[in-house]
Amino acid sequence: ESHNKTFHSDLKCKMCDETISGGKQTLLSHQKYECLRRPISCSYCHLPFPFINHNEHETMCGSRTEKCPHCNQYIALSM
């Protein structure tokens with residue numbers, strides 16, 4: 001019973017609702033490396049965003065500006 005659940009059952013990913021065949025190990029691998037909804041941290045604000053939205057968020061977030069405390073010029077965070 002335990003072997004079947006671990007290696008041979010179909011399980012639903014709680015992040016994307018996709019049914020994953022191959023048991024718990026396959027599901028864990030899917031959630032870590034393949035799931036389009038797995039959380040990825042933004043390089044700029046360090047908040048987690050779903051993989052599927054990550055590039056769009058990071059482009060927007062990196063184009064924000066902040067005032068340099070040394071010269072008072074506004075600089076893009078992506079620099």
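Only this structure's heavy atoms are used, side chains among them; waters, hydrogens and symmetry mates stay out.
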>> If I take atom SG from residue Cys45 and atom CZ from residue Arg64, how far apart are they, to the nearest 0.5 angstrom?
In response: 6.5 Å
> Closest approach of Lys12 and Asp17, non-hydrogen atoms and distance?
Replying inline: CE-O, 3.5 Å
>> Could you measure the distance from the CD atom of Gln73 to the OG1 atom of Thr65? Nearest 0.5 Å is fine.
In response: 12.0 Å
> What heavy-atom pair brings Asn72 and Lys67 nearest, and what distance separates the two atoms?
Replying inline: O-CE, 3.4 Å
>> Apply side-chain contact (heavy atoms from CB on, under 4.5 Å) to residues Asn53 and Arg37 and explain how you reach the verdict.
In response: CA-CA 8 Å; Asn53 303 113; Arg37 299 239 171 250; 4.1 Å; yes
>> Minimum heavy-atom separation for Ser21 and Asp10, please, with both atom names.
In response: OG-OD1, 2.9 Å
> How many angstroms lie between atom CD of Gln25 and atom CG of Leu27, to the nearest 0.5 angstrom?
Replying inline: 9.5 Å
> Can Met15 be reached from Leu28 by stepping across I, L, V, M, F, W or Y side chains whose heavy atoms are under 4.5 Å apart?
Replying inline: no
>> Side-chain heavy atoms nearer than 4.5 Å, only ILVMFWY residues, links allowed to pass through others: does that put Phe49 and Leu36 together?
In response: no
> So, for Cys13 and Ile20, which heavy atoms are closest and what is the spacing to 0.1 Å?
Replying inline: CB-CG1, 4.5 Å
>> Quick check: closest heavy atoms across Met60 and Ser63, and the distance to 0.1 Å?
In response: O-OG, 2.8 Å
>> The criterion is side-chain hydrogen bond (donor to acceptor under 3.5 Å, both in side chains); which residues satisfy it with His54, sequence neighbours excluded?
In response: Glu58
>> Using a 3.5 Å distance criterion without hydrogens, assess whether the side chain of Thr59 forms a donor-acceptor pair with backbone atoms of Asn55.
In response: yes
> At their closest point, which heavy atom of Gln31 faces which heavy atom of Lys14, and how far apart are they?
Replying inline: NE2-N, 4.0 Å
